[in-house]
Every structure is written in structure tokens, then in C-alpha cells.
Amino acid sequence: VNMTVTGTPLASGATALSGNLTISGGTLNLNGQVVTVAGTFATSGTGTLTMQNPADRLTVSGNVTFNGGNTNTLLTAGVLEVGGDFSQASCCTSSPHFAASGTHRVVLNSPGAPQTVNFQDPGSTTSDSHFQDLEIANTGGGVTFATNAFVNGALSITSATTASGPGTVIVAGDLTTAAGSAVTVTGLNLAGAMAVSGSLSPGTTTFTGAGQSIQPGLAYVNVTVTGT
């Protein structure tokens with residue numbers, strides 16, 4: 001069963017879809033509920049997703065694409081679990097199609113396949129698209145950052161997986177990684193603290209915060225310090 005949303009429904013209980021969920025107009029408010037999608041999830045046109053309750057949880061087994069309306073102030077809490085690729089597209093406008101804030105968290109958790117992150121309008125401001133907190137829990141081949149990606153909160157890697165790709169990941173908060181993980185993205189900009197239990201060897205690691213400690217014993221390639 002596929003579902004297309006064009007109005008402004010409030011979720012009123014746990015919902016499981018065997019197909020795809022598309023929001024092409026209006027907004028779907030999770031309203032403190034759990035929605036599980038076996039297929040893909042996408043916003044388009046003026047459609048938006050509202051997650052403002054800490055109990056909100058959207059679990060998607062397939063790809064997730066945000067290419068709808070302005071989500072600034074709409075994604076402030078809850079958890080979005082993504083089993084496929086995560087994309088912020090921009091076919092017609094450059095509005096913040098995915099501008100998470102507050103305590104909102106995205107979890108990339110494919111159990112059996114690599115995942116890719118792609119932002120067409122990356123940035124940290126309310127006019128750009130970005131994660132708030134990002135957790136990488138992939139156990140199926142790692143996560144590739146095909147473009148730059150901004151994490152306005154914390155980045156945590158909780159499985160023995162890889163974070164790689166040509167993009168630069170810009171983290172405003174803390175970085176935590178699990179044993180057996182590897183960070184090899186082209187660039188990593190970090191403003192917070194670091195607790196790295198795996199390996200970390202981006203092409204360039206840039207420390208942008210104030211009073212940061214650079215963790216010793218890691219295989220840094222190039223290091224730049226722009227903070228104080």
C-alpha cells in the first residue's frame with residue numbers, strides 16, 4: 001500500500017505502510033506517533049514533514065528524499081531512521097527542504113547495504129539544508145558522503161562502519177565514534193569535542209571551535225586549526 005499526503009493530517013496512532021509514503025502538499029504531523037514505511041519516503045512540491053514531539057519516530061526501510069517545502073522550525077524533535085540513501089534534492093527552489101534543529105536526530109541504519117548522503121543545498125543556516133544530530137549505525141557497507149553535509153549538533157558513529165566519500169562533513173557539536181569504525185571523508189570540520197574509538201584519517205581535519213583538544217594517536221593526514 002502506497003500513501004500520498006496532500007492535506008494536513010495528524011497521526012493518531014502507530015502506522016505501518018507496506019509501500020511508499022509521499023508528501024506532495026500540506027504537511028504530515030507525526031504528533032508523537034511511530035510511522036513505519038517499508039518502501040521509500042519523499043516530500044515534493046509544497047509538502048513537508050512535521051516532527052516536533054520527542055516521541056515522533058519515522059522509520060523508513062528505503063530511500064529518503066526531501067524536495068518539498070520549507071521545513072525550518074518543523075523538524076525540531078524525534079527520530080528519523082533511514083535504511084536507504086538520504087537525499088536533499090532541489091529541482092525547483094532552493095528553500096530549506098531539510099532544516100532540522102532542536103533535538104531532532106537522523107539515524108542511518110541499513111543492516112545490509114551501503115548508504116549515500118547527498119545535499120544539493122547544504123549549509124548551517126535556517127535558509128539551508130542540514131542535519132541536527134546525526135547517528136551512523138550502518139552495518140552493511142558504510143556511509144558515503146557524496147556532497148558536503150552540515151551537522152548542526154553532534155555526529156556519532158555507533159557501529160563498526162565507515163564514513164567516506166568526496167564530501168566534507170561540518171560538525172558544529174561533538175564527534176563520537178565506536179571501535180572498529182573508520183572516518184575517511186575528504187574533509188572533516190569539527191567545532192566540538194572528540195571521542196574517537198575507531199580510526200580517523202580524513203583528507204583534511206579542521207578544528208574550528210574554541211578551546212578544543214586534539215585527540216592524539218590518530219592517523220591525521222592534514223590538520224588545520226582555525227578556532228581559538
Q. Can you check ring pair (Phe, Tyr, Trp, His ring centres under 6.0 Å) on Phe41 and Phe66, steps first, answer last?
A. CA-CA 8 Å; Phe41 171 86; Phe66 283 88; 5.5 Å; yes

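- Hydrophobic cluster membership differs between Phe150 and Val106, with clusters built from Ile, Leu, Val, Met, Phe, Trp and Tyr side chains linked at under 4.5 angstrom.
- For the pair Asn67 (side chain) and Ser44 (backbone), a donor-acceptor distance under 3.5 Å is absent.
- The backbone N or O of Ala113 sits less than 3.5 Å from a side-chain atom of Asn138, completing a donor-acceptor pair.
- For Asn152 (side chain) and Ser124 (main-chain N/O), a donor-acceptor pair under 3.5 Å exists by modelled atom type.
- Connection of Val79 to Leu30 is not established within any shared hydrophobic cluster, with ILVMFWY side chains joined at heavy-atom distances below 4.5 Å, either directly or through further cluster members.
- Leu80 and Leu17 end up in the same hydrophobic cluster when Ile, Leu, Val, Met, Phe, Trp and Tyr side chains are linked at under 4.5 Å.
- Using a 4.5 Å heavy-atom threshold, the side chains of Leu155 and Ile136 count as touching.
- Side-chain atoms of Ser18 come within 3.5 Å of backbone atoms of Val1 as a donor-acceptor pair (strictly under, hydrogens ignored).
- Proximity of a side-chain donor or acceptor of Gln115 to a complementary backbone N or O of Gly84 within less than 3.5 Å is detected.
- There is no path of hydrophobic side-chain contacts, each under 4.5 Å, that joins Leu134 to Ile170.
- Under the side chain to side chain donor-acceptor pair (under 3.5 Å) criterion, Glu135 pairs with Arg105, Thr158, not counting sequence neighbours.
- No donor-acceptor distance shorter than 3.5 angstrom exists from the side chain of His130 to the backbone of Phe98, with no hydrogens or angles considered.
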Q: Please test Glu81 against Thr59 for side-chain hydrogen bond (donor to acceptor under 3.5 Å, both in side chains), starting from the C-alpha separation and ending with a verdict.
A: CA-CA 5 Å; Glu81 295 181 312; Thr59 300; 2.6 Å; yes

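- Under a 3.5 Å cut-off, the side chain of Gln52 and the backbone N or O of Thr73 do form a donor-acceptor pair.
- Two residues are said to be in side-chain contact when any heavy atoms from C-beta on lie closer than 4.5 Å; Thr224 and Asn222 fail this criterion.
- Using cut-offs of 30° and 60° for the angle between ring planes, the Phe86 and Phe131 rings count as tilted.
- Tracing side-chain contacts under 4.5 Å through hydrophobic residues (I, L, V, M, F, W, Y), one reaches Val223 starting from Leu218; they form part of the same cluster.
- With hydrogens and angles ignored, the 3.5 Å screen pairs a side-chain donor or acceptor of Asn2 with a backbone N or O of Asn20.
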Give every donor-acceptor pair under 3.5 Å between a side-chain atom in residues 188-208 and any protein atom, sequence neighbours left out.
from: Ser197; atom 1: OG; to: Thr177; atom 2: O; distance (Å): 3.4
from: Ser199; atom 1: OG; to: Ser181; atom 2: O; distance (Å): 3.4
from: Thr208; atom 1: OG1; to: Leu190; atom 2: O; distance (Å): 3.3

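- The residue from Leu74, Leu75, Thr27 that alone fulfils the side-chain contact (heavy atoms from CB on, under 4.5 Å) condition with Leu49 is Leu75.
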Q | side-chain hydrogen bond (donor to acceptor under 3.5 Å, both in side chains) between Gln88 and Asp121, worked out | A | CA-CA 7 Å; Gln88 177 267 311; Asp121 302 300; 3.0 Å; yes

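- No donor-acceptor pair closer than 3.5 Å links the side chain of Gln33 to the backbone N or O of Ala55.
- For Thr125, the side chain to side chain contact (heavy atoms under 4.5 Å, CB included) test picks out Ser127, Asp128, with sequence neighbours left out.
- In this structure, Thr48 contributes its side chain and Thr71 its backbone to no donor-acceptor pair below 3.5 Å.
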